[in-house]
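What follows is one structure encoded as structure tokens, with my remarks underneath.
Protein chains get the first letters and strands the later ones, always in sequence-line order, with residue 1 at the start of each.
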Amino acid sequence: MHTDKGFSHQFTEALLQWNRTENHRQMPWKGEKDPYKIWLSEIILQQTRVEQGLKYYERFIKTFPTIQDLAAAPDQQVFKLWEGLGYYSRCKNLLEAARFIANDLQGVFPNQYEDILKLKGVGSYTAAAIASFAFNQPYAVLDGNVFRVLARIYDIEEPIDTTNGKKNFSRLAGLQLSREQPGIYNQAIMDFGATICKPFPECAACFFSDRCEAFLQGKQLLLPVKEKKIAVKERWFNYVVLQHKNVIAIKKRASRDIWQNLYEFPLIETSGPASLKEIHLQLEKGFGFSHHDVIFKKEIFETKQRLTHQVINFSFYQAETCEVKDIPGFIWVGWEELNHYPFPKTLQEYIINN
DNA sequence: GACGCGTGGAT
DNA sequence: TATCCAAGCGT
């Protein structure tokens, strides 16, 4: 690997040159100086593609033009706006940080890296992004793009998903940073990673291919290296959509599990495909409905959703109950009101179609 | 420090 | 279809 200052300098200068002349990537938060808008965009974009986050960013800014507006909003309105974007703890932390700034910091966004880093939901990447974009401070971002670009131009085979690997890449990212234009450099290296040095890269269009160690050895597809692979577990969610006249029973998910703070129907989770008999049994044991109290519709809607670590097999049973029975933790809500509550993607789709 | 957290697009 | 990945973070 190159350890000389010259190589590092060459790439940084070439990147900034490319950024000035050929990088035409445009995004609403690019060049933005309002730390609130930068922060919001960065939280939305964590592990999320620009194309997916774009609509959410625009809706959030339109609904909450200032951090005070966001801080004053009820939880449910904000979660509803976040619905469908995934990683919902981001939304919870977003609200907590907004209220902290509005209430404890007089609405003034912190302007020092260490203080930005203390905000809930803000880690080293996001703090560096805000500090450099909003305040032009010399902190290098280290995201998936930067890992990939650095691993390739230097031909680094050390895994990026280990403690030591992260430490070393972080040090290198700091050395690579332009001290004169940290904000522009950070944006440029991410744009470069997202448009040229992609997982399947466009080396023919790259300004640095003649000096890229990975490309020179034909190794660009092998870098960066990851050590761990994700284990996917399979789960079976049987939802009993209990309806009495026009009202439906729902409750907020609260356990340490997926979709915390989103709503759902009465859930019977089983260790495999469940028989109707087992659903009836569990409905009585778990929710106190005997088979005399409910009438099941014949159709069972089945679908599957793939998450990063899980595959969820859904079965939706529609059932008419003879009364609005009090079930601990549940509320009964009219079909029309359901669209005020945030639901996981698959449940939201089910609601729309039924 | 390893693991869990969503959804959607690319290969 | 299966797998990986995407502007990471909290626990």
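Among residues at least two apart or in separate chains, side chain to side chain donor-acceptor pair (under 3.5 Å) pairs with a member in residues 337-348 of chain A are A:Gln305-A:Thr346.
Under 4.0 angstrom from either OP1 or OP2 of B:dG4 there lies no side-chain N or O belonging to A:Gln310. Side-chain nitrogen and oxygen atoms of A:Lys226 include at least one within less than 4.0 Å of the OP1 or OP2 phosphate oxygen of C:dC5. For A:Ser124, no side-chain nitrogen or oxygen approaches OP1 or OP2 of C:dG8 to under 4.0 Å.
Here the rule is side chain to side chain contact (heavy atoms under 4.5 Å, CB included) with A:Leu223, and of A:Arg148, A:Arg152, A:Glu213 only A:Arg152 fits it.
At a cut-off of 3.5 angstrom, the base of B:dG6 holds no donor-acceptor pair with the side chain of A:Arg49. Within 3.5 Å, no donor on the side chain of A:Thr48 pairs with an acceptor on the base of B:dT7, nor the reverse.
The separation between A:Gln220 atom CD and B:dT11 atom P is 14 Å, rounded to whole Å. In this structure, A:Phe200 places its CZ atom 14 Å from C1' of C:dC4, rounding to the nearest Å. Straight-line distance from the OH atom of A:Tyr57 to the C1' atom of C:dA7: 14 Å, rounded to whole Å. The interatomic distance linking A:Ile130 (CD1) with C:dA7 (C1') rounds to 11 Å, in whole Å.
Separation of the A:Phe207 and A:Phe192 ring centroids falls under the 6.0 Å cut-off.
Heavy atoms of A:Arg256 sit under 4.0 angstrom from primed sugar atoms or phosphate atoms, though from no base atom.
Taking a 4.0 Å limit (strictly below) on heavy-atom distances, residues 344-354 of chain A reaches DNA chain B at A:Pro344, A:Lys345.
Nearest heavy atom pair, residue A:Gln318 against residue A:Asn354, reads NE2-OD1, 3.6 Å.
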